[in-house]
Amino acid sequence: MLSVLGYGEILHDLRIYKKLSIKELAEGICTEEELIQFEREKQYPRIDQLHNFAIKLNVDLSYFYALTSKTPHNYTTAVFNLINKYKRERNYHAIHHIIKMEEGNPLFNDTSLKQYLVWHQGICIYYLENNFNQAIEILYSAIDLTNPSRKNLTEREIEILTSIAILNSDEKNFRHSITLLVEALTNLDRLPTIIDPRSKLRVMFALSQALTYIGEFKESLKYSKKGIEHCIQYETLFLFSEFHYQTGENYIELGEKELGTNYIKTSINFLRTQNNEFLANYIEQELEKLLNK
């Protein structure tokens with residue numbers, strides 16, 4: 001019977017096998033003290049740290065999961081969590097690397113799992129190769145894997161459509177982006193249940209941004225304020241500061257400078273409570289520009 005090992009034992013045995021010291025394996029990934037804790041299983045590595053250990057030890061990430069789990073589900077979930085993490089960080093090189101590694105993996109033959117990889121492949125094509133047309137083609141092909149008619153979209157399909165809309169905004173095709181985002185919102189409103197409230201928040205924020213870009217400040221305001229209401233309703237901080245900034249920008253553009261400034265200052269204060277000093281400073285500069293127009 002195959003014995004089930006822990007992360008710590010696997011890390012320790014691989015490190016010894018590869019003749020790496022604690023310092024060599026930890027370098028660029030974690031502190032030496034953390035690695036010692038990982039090997040003793042007093043602490044567990046984050047998924048991105050585990051991914052980087054796998055690269056340095058020259059094994060697949062799946063190696064850890066093959067020895068610690070009886071099913072492949074944990075591995076595919078871990079891959080998706082890692083992609084999501086890198087997407088939040090806009091690290092498209094890392095996402096592209098993961099997709100290339102998993103292309104021939106039979107675990108991803110399931111249509112839904114394959115769709116997830118194709119979706120993010122399209123995003124990478126745009127941000128890494130600046131190939132808008134190919135990216136859009138790939139993203140629509142991802143929707144077509146589960147819904148060739150492109151009608152009555154599921155939550156995942158709506159998220160892919162939102163990505164298509166965002167790429168159009170990045171290309172300054174704002175009106176087409178708005179059309180796609182309204183379609184995405186309409187489909188979301190038809191769903192009996194929304195599993196992840198962030199999907200709706202993403203659509204509303206992208207819609208608010210695109211409307212601001214074309215000078216439709218009152219219409220944009222409708223979605224940015226609704227976004228704040230949804231954050232409170234769903235008890236999530238996702239895009240909370242961004243919606244406040246967007247609301248403030250719209251009010252300033254409409255001539256209500258004091259009200260707009262208050263919203264943007266709320267955004268800045270919120271970012272500082274999260275220790276996001278970089279973005280807080282950036283928004284302060286944007287506020288100054290808005291007020292000095």
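- Lys56 and Glu24 are not joined by a salt bridge, as no carboxylate oxygen comes within less than 4.0 angstrom of a charged side-chain nitrogen.
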Q: Show your reasoning for whether side chain to side chain contact (heavy atoms under 4.5 Å, CB included) applies to Leu291 and Glu288.
A: CA-CA 5 Å; Leu291 294 174; Glu288 193 174 338; 6.0 Å; no
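- Ring pair Tyr127/Tyr92 is parallel by interplanar angle, where below 30° counts as parallel and above 60° as perpendicular.
- Atoms CD1 and CD, from Ile268 and Glu284 in turn, are 4.5 Å apart once rounded to the nearest 0.5 Å.
- Across all their heavy atoms, Gln49 and Cys30 have their closest contact at NE2-CB, 3.7 Å.
- For the atom pair CG of Leu201 and SG of Cys231, the computed distance is 4.5 Å after rounding to the nearest 0.5 Å.
- Using a 4.5 Å heavy-atom threshold, the side chains of Arg190 and Asn187 count as touching.
- Listed here is the closest heavy atom pair of Ile166 and Ala206: CG1-CB, 4.1 Å.
- Side-chain contact between Glu219 and Lys222 is present, with heavy atoms from C-beta onward closer than 4.5 Å.
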Q: For side chain to side chain contact (heavy atoms under 4.5 Å, CB included), just list the numbers for Tyr223 and Phe205, CA-CA rounded to whole Å, side-chain angles, deciding distance to a tenth of an Å, and then say yes or no.
A: CA-CA 7 Å; Tyr223 292 106; Phe205 181 66; over 6 Å; no
Q) Between Asn250 and Tyr263, does a side chain to side chain contact (heavy atoms under 4.5 Å, CB included) hold up when you go through it step by step? A) CA-CA 10 Å; Asn250 286 323; Tyr263 269 98; over 6 Å; no
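- Ion pairing of Glu253 with Lys293 is present here, as a side-chain N (NZ or NE/NH1/NH2) and a carboxylate O approach within less than 4.0 Å.
- When hydrophobic residues (I, L, V, M, F, W, Y) are linked wherever their side-chain heavy atoms come within less than 4.5 Å, Met101 remains an isolated member.
- When all heavy atoms of Asp189 and Lys200 are compared, the closest pair comes out as OD1-NZ, 2.9 Å.
- Counting only N and O atoms by type, the side chains of Arg272 and Asn281 include a donor and acceptor under 3.5 Å apart.
- Salt bridge status for Arg150 with Glu183: absent, with no side-chain N to carboxylate O gap under 4.0 Å.
- Here the straight-line distance linking atom CD of Glu103 with atom NZ of Lys114 works out to 10.5 Å at 0.5 Å rounding.
- Side-chain contact of Gln246 with Thr212: a donor-acceptor pair under 3.5 Å is present, judged by distance alone.
- Between Ile143 and Ile164 the shortest heavy-atom distance is CD1-CD1, 4.1 Å.
- Of all heavy-atom pairs between Ala135 and Leu167, the closest is CB-CD1, 4.0 Å.
- A salt bridge is defined here as a Lys NZ or Arg NE, NH1 or NH2 lying under 4.0 Å from an Asp or Glu carboxylate O, and Lys226 with Glu229 fails to meet this definition.
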Q. Run the side chain to side chain contact (heavy atoms under 4.5 Å, CB included) check on Ile29 and Leu35 step by step: do they pass?
A. CA-CA 9 Å; Ile29 301 174; Leu35 180 53; over 6 Å; no
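- No side-chain donor-acceptor contact under 3.5 Å links Ser267 and Asn269.
- Counting only heavy atoms from C-beta outward, the side chains of Glu159 and Val203 never approach each other to under 4.5 Å.
- Side-chain contact between Asn168 and Ile136: present, with at least one pair of heavy atoms (C-beta onward) separated by less than 4.5 Å.
- The aromatic rings of Tyr126 and Phe132 sit perpendicular to each other, their planes meeting at more than 60°, with 30° as the lower class boundary.
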Q: Evaluate the criterion salt bridge (charged side-chain N to carboxylate O under 4.0 Å, His left out) for residue pair Lys85 and Glu89; output intermediate values, then yes/no.
A: CA-CA 7 Å; Lys85 177 187 182 297; Glu89 296 170 358; 2.3 Å; yes
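- A tilted orientation is assigned to the rings of Tyr116 and His120, their planes being inclined by 30° to 60°.
- Minimum interatomic distance between Val118 and Ala142 (heavy atoms only, all atoms of both residues): CG1-CB, 3.8 Å.
- A side-chain donor from one of Tyr251 and Lys225 sits under 3.5 Å from a side-chain acceptor of the other.
- Residues Leu181 and Ser177 have side chains in contact (heavy-atom distance under 4.5 Å, counting atoms from C-beta outward).
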